[in-house]
Chemist: 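One structure is given below, represented as structure tokens, and several questions about it will come after.
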Amino acid sequence: MTLSPTLTFNDGNQIPQLGYGVWQVEDGVAEKVVRQAFEAGYRHIDTAKIYGNEAGVGRAIASSGLSPEQLFITTKLWNADQGYESTLAAFEESMDRLGLETLDLYLIHWMTPKRDKYVDTWKALIELQKRGRIKSIGVSNFTVEGLERIIDESGVVPAIHQIELHPYFSQRELREFGTAKGILTQAWSPLGQGGELLEDATVASIAAKHSATPAQVVIAWHLAIGNVVIPKSVTESRIRENFAALEVSLDTDDIVAINALDRSAKGEGRIGADPAVADFA
Ligand code: NAD
């Protein structure tokens, strides 16, 4: 079976570049679709406490016949749990739901700058990594200033930064900052949540050229520019279709054309919240 290529973190661990995300997947559905993802070849699953499906993901892991060493599991610390001691406690609760002893990757879900707890939270992740409970630690939805602050105040550079990223919002500044610091970039909502992007004329013409689907072309673009990418679907045929994007090889002209779809210079393109101001419980 084809498996995803891996990328190497600044801590020496590796992450499968193509994973499967489970936001908005009900806990009762998660076991079935995560098992389908494993059968399609995915070994990397992206969940979070706030998704309410860590237990379902855990059931899929337990019934999969795959060992923890064959899998790469990410979960995320929710905003309300930020702070040193509360992070240590929330981590154990997530691990109980997942049924795991060791986690591959733990992320601070949002910087939530108004709380001003993300430095202490980051220090708790560093402690859990020192204790051997987490292999790699990273963040999600930070700004350059927030990343600089946690690095300056802890001396530890995140392994990865998970951010909204798709062709209409390509996050050039954060990707370049990550490359300069040795932080991998992970794309959330990589398909633009399946809206207008998958109807885009440029994407459609590249798809026709490669006898691929628009979703496969967008995933292949993420892979080609070095992103870790975690598309979501609860439809088995799409779960498989998205994994088969590994076989789509874009040329330089394709990548240049997709890069040109970015709308951020016009102040457009973002679907989700802006991490510089987002602060929801
Ligand atoms: P996505 O960009 O992966 O789009 C998913 C939607 O696209 C599906 O619900 C479906 O409607 C459509 N789709 C999927 N495959 C398709 C196909 N082959 N053909 C046509 N349509 C298809 O959106 P997402 O779920 O927002 O993001 C992916 C993952 O990223 C999440 O599941 C989650 O794990 C993660 N995420 C993280 C954050 C964060 O704050 N860190 C935020 C959002 C998402």
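Keep in mind that this is a model prediction, so the values were computed, not measured. Ligands are counted one by one from 1 in listed order, and the atoms in each one are counted from 1 as well.
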Chemist: May I ask you to check whether Trp110 and Tyr118 place their ring centres under 6.0 Å from each other?
Modeler: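 For Tyr118 and Trp110, the ring centres are not under 6.0 Å apart.
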Chemist: Can a donor-acceptor pair be found between the side chains of Trp188 and Asn141 at a distance below 3.5 Å?
Modeler: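 Side chains of Trp188 and Asn141: pair found under 3.5 Å.
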Chemist: Identify the protein heavy atom lying closest to atom 29 (C) of ligand 1, giving its residue, its atom name and the separation to 0.1 Å.
Modeler: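 Scanning the protein heavy atoms, the shortest distance from atom 29 (C) of ligand 1 goes to Ile230 O, 3.2 Å.
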Chemist: Side chain, backbone, both or neither: which applies to Val22 and ligand 1 if a contact is any heavy-atom pair less than 4.0 Å apart?
Modeler: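 For Val22, the contact with ligand 1 is made by the backbone alone.
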Chemist: For ligand 1, note which part of Pro190 has a heavy atom under 4.0 Å away: side chain, backbone, both or neither.
Modeler: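 For Pro190, backbone and side-chain atoms both sit under 4.0 Å from ligand 1.
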Chemist: Between Ser189 and ligand 1, which part of the residue brings a heavy atom under 4.0 Å of the ligand: side chain, backbone, both or neither?
Modeler: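 For Ser189, the contact with ligand 1 is made by both the backbone and the side chain.
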Chemist: Is any side-chain heavy atom of Ile258 closer than 4.5 Å to a side-chain heavy atom of Val217?
Modeler: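 The answer is yes; the side chains approach within 4.5 Å.
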Chemist: Distance under 4.0 Å to a non-hydrogen atom of Gln162: what atoms of ligand 1 satisfy this?
Modeler: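 With Gln162 as reference, the close atoms of ligand 1 come out as 35 (C), 36 (N), 37 (C), 38 (C), 39 (C), 41 (N).
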Chemist: Is the distance between the ring centroids of Phe243 and Tyr20 under 6.0 Å?
Modeler: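 No.
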Chemist: Around atom 15 (N) of ligand 1, find the nearest protein heavy atom and jot down its residue, atom name and distance.
Modeler: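 Closest protein heavy atom to atom 15 (N) of ligand 1: Asn242 ND2, 3.1 Å.
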Chemist: Among Trp23, Tyr20, Trp188, which one puts a heavy atom closest to atom 42 (C) of ligand 1?
Modeler: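 When every heavy atom of Trp23, Tyr20, Trp188 is considered, Trp188 comes closest to atom 42 (C) of ligand 1.
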Chemist: For Ile239, does its backbone N or O pair with a side-chain atom of Tyr42 as donor and acceptor, under 3.5 Å?
Modeler: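 Checked: pair present.
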Chemist: Short N/O distance, under 3.5 Å, between Pro231 and ligand 1?
Modeler: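 Between Pro231 and ligand 1, no N or O pair is found under 3.5 Å apart.
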Chemist: With Asp104 as reference, evaluate Gln14, Lys135, His44 under the side-chain contact (heavy atoms from CB on, under 4.5 Å) test and give the passing residue.
Modeler: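 Filter result, single survivor: Lys135.
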Chemist: Tell me which part of Lys232 gets within contact of ligand 1: side chain, backbone, both or neither, using heavy atoms under 4.0 Å.
Modeler: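 Lys232 to ligand 1: contacts from backbone and side chain alike.
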Chemist: What I want to check is whether the side chains of Tyr51 and Lys76 have a donor and an acceptor closer together than 3.5 Å.
Modeler: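 Yes, because at least one side-chain N or O of Tyr51 sits under 3.5 Å from a partner of the opposite role on Lys76.
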Chemist: Quiz question: by atom type and distance under 3.5 Å, do the side chains of Glu54 and Thr47 form a donor-acceptor pair?
Modeler: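 No, because no side-chain N or O of Glu54 sits under 3.5 Å from a partner of the opposite role on Thr47.
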Chemist: For atom 34 (O) of ligand 1, what is the closest protein heavy atom, and at what distance to 0.1 Å?
Modeler: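 Of the protein heavy atoms, Asp46 OD2, 2.7 Å lies nearest.
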Chemist: Distance to 0.1 Å, residue and atom name: give those for the protein heavy atom nearest to atom 33 (C) of ligand 1.
Modeler: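 The answer is Tyr51 OH, 3.4 Å.
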Chemist: Check whether any N or O atom of Ser233, backbone or side chain, sits under 3.5 Å from an N or O atom of ligand 1, and answer yes or no.
Modeler: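 No: no nitrogen or oxygen of Ser233 is under 3.5 Å from one in ligand 1.
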Chemist: Considering only the protein, which heavy-atom contact is closest to atom 4 (O) of ligand 1, and what is its distance?
Modeler: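 The answer is Gln193 CA, 3.2 Å.
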Chemist: Using a heavy-atom cut-off of under 4.0 Å, does the side chain or the backbone of Glu241 touch ligand 1, or both, or neither?
Modeler: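 Contact part for Glu241 vs ligand 1: side chain (C-beta onward).
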Chemist: Leu191 to ligand 1: N or O pair under 3.5 Å?
Modeler: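 Yes - when backbone and side-chain N and O of Leu191 are compared with those of ligand 1, one distance drops under 3.5 Å.
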Chemist: Using heavy-atom distances only, which candidate in Arg238, Glu164, Arg240 approaches atom 17 (C) of ligand 1 most closely?
Modeler: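 It is Arg238 whose heavy atom sits nearest to atom 17 (C) of ligand 1.
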Chemist: Does a side chain donor of either Trp221 or Asp254 reach within less than 3.5 Å of an acceptor in the other side chain?
Modeler: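 Distance-only check fails for Trp221 and Asp254.
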Chemist: Counting heavy atoms only, which part of Leu198 comes closer than 4.0 Å to ligand 1: side chain, backbone, both or neither?
Modeler: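 Within the 4.0 Å criterion, Leu198 contacts ligand 1 through side-chain atoms alone.
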Chemist: What is the nearest protein non-hydrogen atom to atom 12 (C) of ligand 1, stated with its residue, atom name and distance?
Modeler: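 It is Gly194 CA, 3.8 Å.
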Chemist: Counting only heavy atoms, which portion of Val234 has something under 4.0 Å from ligand 1: side chain, backbone, both, or neither?
Modeler: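 Looking at Val234 and ligand 1, no heavy atom falls under 4.0 Å.
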Chemist: If you count heavy atoms of other groups shown closer than 6.0 angstrom to CD of Glu173, is the number above 12?
Modeler: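 No - once you tally the heavy atoms of other residues, nucleotides and ligands closer than 6.0 Å, there are 12 at most.
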Chemist: Angle class for the Phe9/Phe72 ring planes (parallel below 30°, perpendicular above 60°, tilted otherwise)?
Modeler: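 Answer is tilted, since the angle falls between 30° and 60°.
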